[in-house]
Amino acid sequence: MQKKQTRMKRALKLRSQIKKLKATRLTIHKTSQHMYAQVISGDGSTTIASASTTQAEIKSNLKNTSNIAAAAEVGKFIAQKALAAGVTNVAFDRSGFKYHGRVKALAEAAREAGLKF
């Protein structure tokens, strides 16, 4: 349980900083099998765009939903949806997950697709 508690503590610190800025945020969540991403408005009341490896249009392009390639695909897709909604600048909320592996792949793919953070 200690591992989850430390992750939640990191997430709380990060979210409090983003809340002060009132910035639109790109938040992620990962499980052992899937990656989820959402772009949330600055006040936190509206989800502007979302993407995950459970969606049919993403899942059809993947052989496996729990690897770096799948995370990169989610990153590209969320960036496309956010840009279509008119969002270009976001704050990256990694939900307390360490910035490596699938989290890093998602972030870099979103940057390459046009999101700025």
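What's counted below: heavy atoms across the whole structure, side chains too, no hydrogens, waters or symmetry copies. The model shown is predicted, which means the values in this text are computed figures rather than measured ones.
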Next item on the list: Under the side-chain hydrogen bond (donor to acceptor under 3.5 Å, both in side chains) rule, collect the residues that match up with Ser66, sequence neighbours excluded.
Entry: Asn64
Check: More than 12 heavy atoms of other residues, nucleotides or ligands under 6.0 Å from NZ of Lys81: is that the case?
Finding: yes
Check: Taking only residues two or more places apart in sequence or in another chain, which ones pass salt bridge (Lys or Arg N to Asp or Glu O under 4.0 Å) with Arg15?
Finding: Asp93
Notebook entry, point to check: Any side-chain heavy-atom pair from Leu26 and Gln38 closer than 4.5 angstrom?
Noted result: no
Check: Do the non-hydrogen side-chain atoms of Thr24 and Ile48 ever get within less than 4.5 Å of each other?
Finding: yes
Margin query: Once side-chain hydrogen bond (donor to acceptor under 3.5 Å, both in side chains) is applied, do any residues pair with Arg111, and if so which ones, sequence neighbours excluded?
Written below: Tyr99
Check: Can Val74 be reached from Ile68 by stepping across I, L, V, M, F, W or Y side chains whose heavy atoms are under 4.5 Å apart?
Finding: no
Margin query: Once ring pair (Phe, Tyr, Trp, His ring centres under 6.0 Å) is applied, do any residues pair with Phe92, and if so which ones, sequence neighbours excluded?
Written below: Phe117
Margin query: The criterion is side-chain hydrogen bond (donor to acceptor under 3.5 Å, both in side chains); which residues satisfy it with Thr47, sequence neighbours excluded?
Written below: none
Notebook entry, point to check: When rounded to the nearest 0.5 angstrom, what is the spacing between CD in Gln2 and CD in Gln5?
Noted result: 5.5 Å
Notebook entry, point to check: Are side-chain heavy atoms of Gln55 and Phe77 found at a separation under 4.5 Å?
Noted result: yes
Check: Apart from Ile18 itself, what residues make up its hydrophobic cluster, given side-chain heavy atom links below 4.5 Å?
Finding: Leu14
Checklist line | Contacts of Asn89 that satisfy side-chain contact (heavy atoms from CB on, under 4.5 Å) - sequence neighbours left out | finding: Lys116
Notebook entry, point to check: Partners of Ala71 by side-chain contact (heavy atoms from CB on, under 4.5 Å), sequence neighbours excluded?
Noted result: Met35, Arg102, Ala105, Leu106
Checklist line | Residue pairs fulfilling salt bridge (charged side-chain N to carboxylate O under 4.0 Å, His left out) with at least one residue in residues 35-61, sequence neighbours excluded | finding: none
Item checked: Single-linkage hydrophobic cluster Leu62~Ile78, side-chain heavy atoms < 4.5 angstrom -> yes
Check: Just how far is it from atom NZ of Lys30 to atom CZ of Arg94, taken to the nearest 0.5 Å?
Finding: 11.0 Å
Next item on the list: State which residues pass side-chain contact (heavy atoms from CB on, under 4.5 Å) with Thr54; sequence neighbours excluded, sorted by chain then number.
Entry: His34, Tyr36, Ser52
Next item on the list: List in chain and number order the residues that pass side-chain hydrogen bond (donor to acceptor under 3.5 Å, both in side chains) with Thr88, two or more places apart in sequence or in another chain; answer none if no residue qualifies.
Entry: none
Checklist line | Ala79: side-chain contact (heavy atoms from CB on, under 4.5 Å) partners, not counting sequence neighbours | finding: Ala110, Ala113, Leu115
